[in-house]
There are 2 protein chains.
Amino acid sequence: MLRKDILKKLKQHGVLPTSQRVEVAAILLARPQHLSADQIIDKLNGRGSRVSKATVYNTLKIFSEQGIVKELSVDSRCKFYDSTTDSHHHFYHVDSGQLSDIPESQVSISSLPPLPTGTEQESVEVMIRVRDKGR
Amino acid sequence: MLRKDILKKLKQHGVLPTSQRVEVAAILLARPQHLSADQIIDKLNGRGSRVSKATVYNTLKIFSEQGIVKELSVDSRCKFYDSTTDSHHHFYHVDSGQLSDIPESQVSISSLPPLPTGTEQESVEVMIRVRDKGR
DNA sequence: GTCAGTGCAAACCCTTTGCAGAAAG
DNA sequence: CTTTCTGCAAAGGGTTTGCACTGAC
């Protein structure tokens, strides 16, 4: 994603594009991926950017509140931030903790239960947990 | 669940049924439900049981390792322990953080993607996120 | 100038660990 | 008796908060 498009995206979502926010966005939005705050901090350090830990956390919180990224709670140890905000499904590799996307089109659900009274559906997500063969 | 059946269940899973473990099991296995460690501690205190925080955590860890309960990571703030260990699906009420079960039979998935090479399926779980209507 | 964003460290919360004492087989 | 479990307090790891400083409009 080009810097120009990142600036546009942040503004579209009502987020002031400060240099630190653009740096975080440039890493996370580079491709469809799932990164933890920690992984993002490592990547920032790797490219010589100086963004403090707290700012990364604050930025990710703002991004997910504004719908720029999607927060995932798969592992109770840490949150993951998904650069793909559309509804989609995931493989979760339990041995490595690695998440990967499954396009919505590759899963079809033919029946669902009625929703609890007074609620409306926000999303339906399928998680396929996999492990290394023959463990 | 009767105390006698709890003792049996713990033994079946190779867990020594100490009094603290039986107390924790009695609360969690009372009905199909999802409780956090904290909620269990509150309930123990409420009924006047004296089980330390660390012991509750250690006990829950042992229970989930031995398949007596199922550990769920829905909320990154805390783990939930599910008294239903069979494969099943969940509603997640995003406003309240409340989880509820969906029997496996009420969801049918008609197509799934191929698994990543070298992996085997551990489980397929559907999470339906719902929110209060007209928020 | 004013208001929002940043950096740092300290605070926080849930969970795990270490160790001495207690209990189970 | 030996091994395992318990309780407490302290450590741990990820995340959030408070506050002075900096920077944007």
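Quick note on labels: first sequence line is chain A, next is B, and so on, each numbered from 1. Note: hydrogens, waters and symmetry copies are ignored here, and every other heavy atom, side chains too, is used.
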*Partners of B:His90 by ring pair (Phe, Tyr, Trp, His ring centres under 6.0 Å), sequence neighbours excluded?*
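Testing B:His90 for ring pair (Phe, Tyr, Trp, His ring centres under 6.0 Å), a comparison that skips the adjacent residues, returns B:His34, B:His88.
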
By side-chain contact (heavy atoms from CB on, under 4.5 Å), which residues pair with [X], not counting sequence neighbours?
X        : answer
B:Ser110 : A:Ser108, A:Ser110
A:Asp75  : A:Arg77, A:Phe80, A:Tyr92
A:Ser96  : A:His93, A:Gln98
B:Glu65  : B:Lys61

*Pairwise salt bridge (Lys or Arg N to Asp or Glu O under 4.0 Å) hits with a residue in residues 82-93 of chain A, at least two apart*: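 Applying salt bridge (Lys or Arg N to Asp or Glu O under 4.0 Å) to every pair that reaches into residues 82-93 of chain A, excluding sequence neighbours, yields nothing.
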
*Among pairs that include at least one residue of residues 25-43 of chain A, which meet salt bridge (Lys or Arg N to Asp or Glu O under 4.0 Å), considering only residues two or more places apart or in two chains?*
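Passing the test, one end in residues 25-43 of chain A: no pairs.
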
*Are the side chains of B:Val51 and B:Ile40 in touch, meaning some heavy atoms are under 4.5 Å apart?*
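The answer is no, as the side chains (C-beta and beyond) never meet within the 4.5 Å cut-off.
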
*Taking heavy atoms of chain A and a 4.0 Å limit, find me the 5'-most and 3'-most nucleotide of DNA chain D within that range.*
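For DNA chain D, the relevant span reads D:dG14 to D:dT17.
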
*Calculate the interatomic distance between A:Ile41 atom CD1 and C:dT6 atom P; express it in whole Å.*
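Going from A:Ile41 (CD1) to C:dT6 (P), I get 14 Å.
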
May I have the list of side-chain donor-acceptor pairs in residues 3-13 of chain A shorter than 3.5 Å, sequence neighbours left out?
residue: A:His13; atom: ND1; partner: A:Lys9; partner atom: O; Å: 3.0

_Sequence neighbours excluded - side-chain hydrogen bond (donor to acceptor under 3.5 Å, both in side chains) pairs with any residue from residues 46-56 of chain B_ =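 Every pair satisfying side-chain hydrogen bond (donor to acceptor under 3.5 Å, both in side chains) with a residue in residues 46-56 of chain B: B:Glu23-B:Ser49, B:Glu23-B:Arg50, B:Ser52-B:Thr55.
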
*Does anything in residues 54-80 of chain A reach DNA chain C, meaning a heavy atom under 4.0 Å, and if so which residues?*
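Those residues whose heavy atoms fall under 4.0 Å from DNA chain C, taken from residues 54-80 of chain A in numerical order, are A:Ala54, A:Thr55.
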
*asked:* Reading DNA chain D from 5' onward, which residue's closest nucleotide shows up sooner: A:Tyr81 or B:Arg21?
replied: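 This one resolves to B:Arg21.
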
*Could you run through nucleotides 19-25 of chain C and give me one letter per nucleotide, 5' to 3': B if any protein heavy atom sits under 4.0 Å from the base, S if only the sugar-phosphate is that close, - if neither?*
------S

